[in-house]
Amino acid sequence: MALRIYNTLTRTKEEFRPVREGRVGIYFCGMTVQDRPHVGHMRAFITGDIVWRYLEFKGYDVFYLTNFTDIDDKIIMKSKDEGIDWRMLAERNIEEFFKAANLMNLKPATHYPRATNHIQEIIEMVEAIMANGFAYESNGNVYFEVEKFAGYGKLSGKKLKDLIAGARVEPDPNKRHPADFALWKAHKPGEPYWHSPWGKGRPGWHIECSAMSTHYLGQPFDIHGGGTDLIFPHHENEIAQAEAARGVKFVNFWIHNEMLNLKGEKMSKSTGLFFAIIDVLEHYDPNAVRLYLLKSHYRSPIDYSEERLNEAQSAWSNFVEFFSKLPKELPEINLSDPSLAKWVKAFEDAMDDDFNTPKALAVAFELLSEANRLFTAGDESFAAHAALLKMLLEVLGFRVETGAQALGQFVDDLLELIVEVRSELRKERRYDLADKIRDRLGSLGVLLEDTPEGTIWKLSGRR
RNA sequence: GGCGGCGUAGCCAAGUGGCUAAGGCGACGGUUUGCAAAACCGUUAUUCCCGGGUUCGAAUCCCGGCGCCGCCUCCA
């Protein structure tokens with residue numbers, strides 16, 4: 001089976017082939033850390049997480065990078081507004097990112113490069129671009145000259161004359177062409193700066209990603225991802241920079257996730273319309289949030305909606321219910337068993353088709369039904385099905401716990417005692433007391449279920 | 001103005017030329033239960049925004065409408 005990925009560069013699904021056999025280099029655009037990470041960012045990071053996990057499932061050795069752009073105009077502005085050091089602002093938001101990433105079970109990247117740690121690589125790339133005649137200096141600024149780069153617009157499908165017609169580019173006397181963009185910005189009083197061949201200054205936006213991605217992954221590398229809002233100008237400019245500097249193709253596959261919208265408007269920092277992911281996780285299980293994001297395909301827009309989140313929470317609880325009644329240890333999975341292999345094939349067929357997570361989840365839900373049927377029928381093969389289901393959910397990045405949630409031996413013992421006493425009461429048909437116990441425990445977040453095999457308890461997830 | 005996307009059940013959402021139009025949420029009925037919960041079984045789109053066309057055959061392709069959205073400026 002071959003993985004096919006929709007490549008923004010060609011606007012078609014292409015069979016994935018890595019530059020080097022068995023290995024994959026991925027650069028997924030991270031945040032410009034001027035503000036708190038929100039649910040829209042999380043959608044992008046989940047997209048990258050799925051790409052990584054699935055490639056690893058397919059047997060690839062993955063080198064995965066997510067950057068922090070920790071110096072740019074917005075960060076400087078924001079830090080001035082708040083009256084704090086720009087480094088503090090960046091650090092605060094980076095910390096919150098890691099907290100959210102951990103809660104959401106994002107696989108930690110192989111490396112998290114920061115723009116301010118790669119000024120040397122950035123300067124070298126700017127020099128290479130200039131040496132090749134694609135950039136010019138003007139009053140301590142260095143600009144990329146878009147008219148010199150023939151391939152400009154190949155990712156976004158834009159034409160230079162249309163860009164001028166848009167006329168939203170601010171006229172700048174330093175620029176030769178309105179669409180030229182800054183590789184290096186001359187120092188202004190009160191702003192951070194680094195020394196460069198063009199005097200004091202700082203990198204422009206875009207150059208850090210070209211410099212850092214190729215520094216770690218080489219050129220060309222396999223996969224570059226991010227939100228659709230980055231296609232132009234950010235990724236278009238990254239291509240121009242890297243290819244002008246080195247004269248070889250920058251990236252083979254471009255993956256872009258669609259936006260998460262809020263009441264029809266994009267959730268973004270500039271509009272002030274956003275929900276910080278950390279705040280959302282106060283109310284929702286991370287697995288439910290992940291399910292909410294994965295039940296739509298990554299290339300379709302999603303509306304942010306608490307109704308949808310509640311729906312996902314209900315859907316996820318079906319898995320929780322199932323796994324909580326299983327033993328902690330599940331059997332080894334034998335994939336050559338045909339009764340299991342057909343599920344893996346259905347899952348792979350779905351994921352191979354441009355990471356079709358809604359379809360892959362449908363397979364997971366059907367497998368859940370099958371496993372429940374086997375469980376109810378007392379068929380011992382249910383455990384093998386459960387183990388497979390756990391594995392598939394983990395490929396999709398869910399955290400799956402089996403057995404009753406561990407609260408410590410003491411609590412387990414107490415609950416066991418209560419359940420035992422209540423069972424005695426039920427035998428004596430004293431249902432008023434038995435129901436009272438169940439109700440009171442329920443309000444404490446402990447659910448009791450009377451099954452033919454005895455009473456089991458579990459946590460409701462809301463305490 | 002330029003470029004791109006979308007419209008499938010009450011809601012969300014796969015499917016993009018041919019098996020009974022996935023799956024989830026919700027709702028309703030049944031089995032089970034002291035009552036619940038959970039689980040299982042069943043029902044919930046003769047039809048895919050509307051109108052034409054191509055085809056033996058279309059939700060899927062083409063043309064024309066209507067409606068919604070994104071990008072073109074900082075953004076995941």
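Sorted by first and then second residue, the pairs that involve residues 89-105 of chain A and meet salt bridge (Lys or Arg N to Asp or Glu O under 4.0 Å), not counting sequence neighbours, are A:Arg36-A:Glu96, A:Glu82-A:Arg92, A:Glu91-A:Arg114.
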Summary of protein contacts for nucleotides 33-44 of chain B, nucleotide by nucleotide, where a base hit scores B, a sugar-phosphate-only hit scores S (4.0 Å, heavy atoms): -BBBBSSSS---

Under 4.0 Å protein heavy-atom contacts per nucleotide of nucleotides 8-20 of chain B, with B for base, S for backbone only and - for none: ---SBSSS-----

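In terms of position along RNA chain B, the nucleotide closest to A:Leu361 lies nearer the 5' end than the nucleotide closest to the other residue of the pair A:Asn257 and A:Leu361.
A distance of about 14 Å separates the P atoms of B:rC28 and B:rA36, rounded to the whole Å. Taking the P atom of each, B:rC74 and B:rC19 are spaced 48 Å apart, rounded to whole Å. Remark: the separation of the C1' atoms in B:rG24 and B:rG65 is 34 Å, to the nearest Å. Spacing between B:rU44 and B:rU54 at atom P, rounded to whole Å, works out to 35 Å. When the P atom is used for both B:rC48 and B:rA59, the distance is 7 Å, rounded to whole Å.
Within the 4.0 angstrom heavy-atom criterion, only backbone atoms of the sugar-phosphate kind lie near A:Gly30; the bases stay farther away.
At a threshold of 4.0 Å, the pair A:Asp349-A:Lys345 counts as salt-bridged, since one of the basic side-chain nitrogens sits closer than that to a carboxylate oxygen. Using a 4.0 Å cut-off between charged side-chain N and carboxylate O, A:Asp285 and A:Arg290 make no salt bridge.
Ring pair A:Phe365/A:Phe319 is tilted by interplanar angle, where 30° to 60° counts as tilted. Between A:Phe181 and A:Tyr152, the ring-plane angle classifies as parallel under the 30° and 60° cut-offs.
Distance check: A:Ile46 CD1 to A:Leu396 CG gives 10.5 Å after rounding to the nearest 0.5 Å.
When the shell of 6.0 Å around CD of A:Glu420 is examined, it contains 12 or fewer heavy atoms from other residues, nucleotides or ligands.
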side-chain hydrogen bond (donor to acceptor under 3.5 Å, both in side chains) assessment of A:Thr10 paired with A:Glu14: CA-CA 9 Å; A:Thr10 57; A:Glu14 295 172 31; 2.4 Å; yes

